Amino acid sequence: MIFSKILTTWYSNNKRDLPWRQTKNPYYIWLSEIILQQTQVKQGLPYYEAFVAKYPTVFDLANANESDVLKLWQGLGYYSRARNLHATSKQIASELEGVFPNNYKDLLKLKGVGDYTASAIASICFNEISAVLDGNVYRVLSRYFGVDTPINSSKGAKEFKQLAQELIDKNNPAEFNQAIMEFGATQCKPKKPYCNICPYNTGCIAFNENRINELPVKIKSAKAKKKHFNFLVFISEDEKTVLEKREGKGIWQNLYQFPLVETDETINLTDLKNRIENNNLLKGMPFELLQYNKEPIVHKLSHQHLYTTFWIINVNKLLEEGILISKIRNYAVPILIGNFIESFNFD
DNA sequence: AAGGCGGGGTA
DNA sequence: TACCCAGCCTT
């Protein structure tokens, strides 16, 4: 039996019931694909539901403020996705009268839409024969065909794209693309795949040569860098604190945080006190400095390990820059900050 | 081609 | 701990 026939048979018997499978509306498909980039279905699902509920059309999303979009995205990570999502919604609403591009080539021009997402939308919504290539597809193809070209090399990308494009069911590209991803996600998993019940196990090279754990091959990325973050949690007697918006290029762009002092190593109370005495938020006011967590909270990102200490600064009266503590949950914050806010008793 | 960009889950 | 996830963008 041909590759795609085995696959679609498996899919019809094993596919999960997911909300974006009930529609071919490009807005909802696009939304789901952006949310699911580098994100497991289980994690992305509640965010998809929330976005559909709050922004039922592309115009609703376009009319929102970026800060509100980021707030709804809070906790999902890779926040450039949310910024690009919002920017693209505005473009589609204003320049394209709310109508999405209907082909791979034009979809690829949208901010935040790369090869994978353009192929996904083009195939699912418009039946274009464009094979998707995501982590699942790489894994399935590399194992079944025994391809050991690194999947995160440009050579690998070309090779696997061509292979997938040859295999795709030309009569039903939408079904094939979703099926191969689902197969990779739930059957041909990274760890302990279900080879014993796999419909491909007679033809799978990795299985028959006992190379399941070696494939796919991936070039290792650099180790995460350590950073030391000290967040200054101002608390005034008039129940205000200070949040600042992260500008610039780095992580958490356009999200809010407590004023940050980054140090080369962990810093003790005395040294920090000396260092912030001239902080322009204090304006020479007397203040009390308390260390909230004795051991740094280690927040691990894929590329940075953040050794984090929260410092409480009690002051008499705060500043025009202050915000009411009662409003703190209106701001989009990194989950590291959000967890602190939930655990800290501000009363 | 390489690195930056989150947060959660698995073994 | 190491690796992975319906990747994309910048340099």
Side-chain angles (χ1 to χ4, degrees), chain A residues 15-16 18-21 29-48 70 73-85 87-88 107-124 130-140 150-158 161 164 174 176-186 188-193 213-225 227 246 248-255 298-306 332-339:
Chain A
K15 71 174 173 184
R16 291 169 287 183
L18 299 169
W20 47 85
R21 290 184 176 153
I29 299 301
W30 166 71
L31 181 57
S32 72
E33 294 300 346
I34 302 298
I35 287 173
L36 292 173
Q37 287 168 4
Q38 289 292 287
T39 303
Q40 296 194 337
V41 166
K42 185 182 174 187
Q43 187 187 5
L45 184 53
Y47 287 85
Y48 175 81
L70 283 170
W73 198 272
Q74 178 177 310
L76 196 56
Y78 286 151
Y79 296 92
S80 65
R81 290 184 293 170
R83 298 190 299 268
N84 288 335
L85 184 83
T88 295
L107 285 161
L108 197 55
K109 296 174 186 168
L110 301 175
K111 266 189 187 175
V113 174
D115 177 81
Y116 163 77
T117 305
S119 293
I121 300 172
S123 63
I124 293 171
S130 185
V132 294
L133 213 48
D134 75 335
N136 295 307
V137 180
Y138 277 121
R139 184 169 54 256
V140 171
I151 61 174
N152 55 345
S153 65
S154 53
K155 181 168 182 285
K158 272 186 213 164
K161 182 80 180 185
F176 178 92
N177 275 343
Q178 293 179 85
I180 193 167
M181 290 190 283
E182 185 82 340
F183 182 78
T186 67
C188 192
K189 299 183 298 170
K191 307 282 183 186
K192 299 195 172 187
N213 295 324
E214 302 166 21
L215 294 171
V217 172
K218 198 170 183 178
I219 299 165
K220 292 191 196 311
S221 53
K223 277 186 62 177
K225 291 170 180 146
K227 292 193 171 183
R246 287 188 67 99
K249 286 283 179 184
I251 59 172
W252 303 329
Q253 185 183 127
N254 294 4
L255 274 68
V298 186
H299 186 67
K300 292 187 175 179
L301 310 177
S302 44
H303 56 295
Q304 294 180 26
H305 290 179
L306 307 177
V333 297
I335 206 65
L336 174 62
I337 305 286
N339 288 342

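Below, each value reflects all heavy atoms present in this structure, side chains not excepted, and no hydrogens, waters or symmetry copies. Here is the naming used below: chain letters follow the sequence lines, and residue numbers restart at 1 for every chain. Note that the structure is a prediction, hence the values are computed from the model and not measured.
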- Item | Gap between atoms CH2 and P, on Trp30(A) and dG7(C) respectively (whole Å) | 17 Å

- Task: Could you tell me whether Asp115(A) contacts a base, only the sugar-phosphate backbone, or nothing, with contacts defined as non-hydrogen atoms closer than 4.0 Å?
- Result: sugar-phosphate

- Pairwise C1' distance for dG8(B) and dC9(C), with rounding to whole Å: 23 Å

- Note: for Lys111(A) and Tyr116(A) on DNA chain C, the residue whose nearest nucleotide lies more 5' is Tyr116(A)

- Atom pair distance, as rounded to whole Å: CG in Asn177(A) and P in dA6(C): 14 Å

- How far, in whole Å, is dA6(C) from dA11(B) if one measures between their C1' atoms? 23 Å

- How many Å lie between CD1 on Ile34(A) and C1' on dC9(C), as a whole number? 13 Å

- Mind checking Val132(A) for me? I need base, sugar-phosphate or nothing, with any heavy atom below 4.0 Å counting as a touch. nothing

- Do the ring planes of Trp20(A) and Tyr48(A) sit parallel (below 30°), tilted (30 to 60°) or perpendicular (above 60°)? perpendicular

- Donor on one side chain, acceptor on other, Gln74(A) and Tyr79(A), under 3.5 Å: no

- Query: Over how many whole Å does the gap from Glu33(A) atom CD to dG7(C) atom C1' extend?
  - Reply: 11 Å

- Task: With heavy atoms under 4.0 Å as the rule, sort Trp20(A) into base, sugar-phosphate or nothing.
- Result: base

- Message: What's Thr117(A) touching, base or sugar-phosphate or nothing? Going by heavy atoms closer than 4.0 Å.
- Response: sugar-phosphate

- Message: Between P on dC8(C) and CD1 on Ile35(A), what's the gap in Å once rounded to a whole number?
- Response: 15 Å

- Going 5' to 3' through nucleotides 3-11 of chain B, assign each nucleotide B (protein heavy atom under 4.0 Å from a base atom), S (under 4.0 Å only from sugar-phosphate atoms) or - (no protein heavy atom that close). -SBBBS--S

- Using only heavy-atom distances, determine whether the side chains of Lys158(A) and Ser153(A) contain a donor-acceptor pair under 3.5 Å. no

- Task: Give a yes-or-no answer on whether the side chains of Asn136(A) and Arg139(A) include a donor-acceptor pair shorter than 3.5 Å.
- Result: yes

- Would you kindly give the CD1-to-P distance between Ile151(A) and dG7(C), to the nearest whole Å? 10 Å

- Item | Protein-nucleotide distance (Asn152(A), atom CG; dC9(C), atom C1'), rounded to Å | 16 Å

- Task: Take Glu33(A) and Tyr116(A) through the side chain to side chain donor-acceptor pair (under 3.5 Å) test and state the conclusion after the steps.
- Result: CA-CA 9 Å; Glu33(A) 294 300 346; Tyr116(A) 163 77; 2.6 Å; yes

- Side-chain donor-acceptor contact under 3.5 Å, Gln253(A) with Ser80(A): no

- In whole angstroms, how far is the C1' atom of dA6(C) from the CZ atom of Arg139(A)? 11 Å

- Run the salt-bridge test on Glu182(A) and Arg21(A) with the 4.0 Å N-O cut-off and return the result as yes or no. yes

